[in-house]
Amino acid sequence: MSKNREYDYLIIGAGLFGAVFAHEATKKNKRCLVIDKRNHLGGNTYCENIEGINVHKYGAHIFHTNDKFIWDYVNSFVPFNRYTNSPLANYKGELYNLPFNMNTFHQLWNVKTPDEAKAIIDKQTKEHKTKRPTNLEEQALSLVGKDIYEKLIKGYTEKQWGRKATQLPAFIIKRLPLRFTFDNNYFNDTYQGIPIGGYNMLTNGLLNGIECRTGIDFFEDRENLSDLADNIVFTGKIDEFYDYSLGRLEYRSLEFKHKILRKSNFQGNAVVNYTAANIPYTRILEHKHFEFGNQENTIITEEYPLEASIKNEPYYPINDTKNTNLYKAYKEMSEQDQIIFGGRLAEYKYYDMHQIIGAALARAKKLLS
Ligand code: FAD
Ligand code: UDP
């Protein structure tokens, strides 16, 4: 017999998946409790305001989407600014524009027209175009050729993933645009920006009026917490949910070193990638530029990639064959349960924010209608 429980939904994880699901369920008059083991809401989008600057505590988050519905949805909680991501790459002291576009080709080869750039890329990719790429290195060589691969991809990718580019799936770099126009916009999407006043405005809007408890790890009080609600939405690690019974899924982590600098402008851009193998970090962020800040001081973050462990948080699922198969086995196991698994960790998927929002809205619609 079902107990008379206090909540309809216990939502584990106050990241975007949990927050969107909780918001939609509350709209349908469901009683929700959201918990998170961190001491704040917002998951990886969380920002800490330091010296008037919203510091992206878990790495640069730039919102972009082609979906007008999702853009209007997020803008209904907080207006977004016109920030356009246009990172630079620093390779051994030389600066290149990203993504790969006419500015990059001019800086690399001094070419001035698309035909000249195409001629070089065609020459460098020709010999690699014969077979279907089976890994990231082959994919890169067949898309952009040797010069770009060696200066702008190989070092960055191998640092970021801690694996040889030949051992990584090709899809990871398919998301990077290649353009024959002088256009440094990193994304092809129609809509892009940063919430005015920071991402916490979005989280607070979504979770407004919903009971949230932070600093609570589900696994430390699993039975009692589960007993509080009729349904459970879980957005943590799926392998942890099953006590790692089939083995551990691998994740890549990052160590963020935040620094306050007593100067107003350090690098003139929000994101600079360091693509050479001998520099231990992959990027330096300068947070004020996400919101066009003119504060007296500036805050930067160096991102050092490393393997996830008990100490280092899981950020990036490693969707190689071994891990993908292990995830499939956990997913099969989860189909026997009534738990709703969602988000980057529970679905073991390299999702962006707009995709997470789309997935949470779809799931809420299905379950709540
Ligand atoms: P999360 O935000 O990770 O939230 C999950 C929450 O669950 C966490 O707060 C965690 O503490 C909590 N939790 C886990 N286990 C437990 C437990 N046992 N008990 C209680 N709580 C638990 N996307 C973009 O669109 N643009 C970008 O520029 C971008 N940049 C990124 C940069 C980095 C470095 C990273 C890591 C991701 C980036 N993303 C970006 C992706 C974006 O962060 C995700 O798509 C989104 O935040 C995922 O939301 P989520 O709710 O699935 O997960
Ligand atoms: N990448 C690269 N050089 C760069 C930037 C990205 O080789 O200067 C590759 C790298 O493999 C990375 C992938 O492209 O993991 C996707 O890059 P993106 O900027 O989308 O990564 P994220 O913001 O998700 O960390």
Centre-to-centre under 6.0 Å for [X] and [Y], is that the case here?
X: F241; Y: F341; answer: yes
X: Y351; Y: F17; answer: no
X: Y348; Y: Y251; answer: yes
X: F219; Y: F234; answer: yes
X: Y316; Y: Y350; answer: yes
X: Y274; Y: Y156; answer: no
X: F180; Y: F105; answer: yes
X: F256; Y: H56; answer: no

Is the shortest side-chain N to carboxylate O distance from [X] to [Y] below 4.0 Å?
X: E307; Y: R163; answer: yes
X: D183; Y: R179; answer: yes
X: E286; Y: K259; answer: no

[X] and [Y]: side-chain donor and acceptor closer than 3.5 Å?
X: D227; Y: N224; value: no
X: H287; Y: T301; value: yes
X: Q107; Y: N97; value: yes
X: E94; Y: Y96; value: yes
X: Q124; Y: D147; value: yes

Sequence neighbours excluded - side-chain hydrogen bond (donor to acceptor under 3.5 Å, both in side chains) pairs with any residue from residues 70-80: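 Passing the test, one end in residues 70-80: E24-Y73, K68-D72.
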Got a sec, which residues hit ring pair (Phe, Tyr, Trp, His ring centres under 6.0 Å) with [X], two or more places apart in sequence or on another chain?
X: Y244; answer: none
X: F292; answer: none
X: F218; answer: none

Check step by step if ring pair (Phe, Tyr, Trp, His ring centres under 6.0 Å) holds for H61 and F290. CA-CA 9 Å; H61 277 74; F290 289 120; 9.4 Å; no
Could you walk me through whether E211 and R213 pass salt bridge (charged side-chain N to carboxylate O under 4.0 Å, His left out), step by step? CA-CA 7 Å; E211 187 176 344; R213 297 184 200 162; 3.0 Å; yes
Please say whether the positively charged group of R38, taken as NZ for Lys or CZ for Arg, lies over the ring of Y58, i.e. under 6.0 angstrom from the six-membered ring centre and within 45 degrees of the axis.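 Flagged: R38 positioned over aromatic ring of Y58.
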Partner set under side chain to side chain contact (heavy atoms under 4.5 Å, CB included) for Y304, not counting sequence neighbours: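 For Y304 the side chain to side chain contact (heavy atoms under 4.5 Å, CB included) partners, ignoring immediate neighbours, are E255, K257, P280, Y281, E302.
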Stepwise salt bridge (charged side-chain N to carboxylate O under 4.0 Å, His left out) test for E335 and K331: CA-CA 6 Å; E335 276 151 15; K331 181 155 182 4; 3.1 Å; yes
Apart from I50 itself, which Ile, Leu, Val, Met, Phe, Trp or Tyr residues share its cluster (side-chain heavy atoms under 4.5 Å, direct or through members)?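 Joined to I50, directly or through intermediates: I53, V55, I260, I299.
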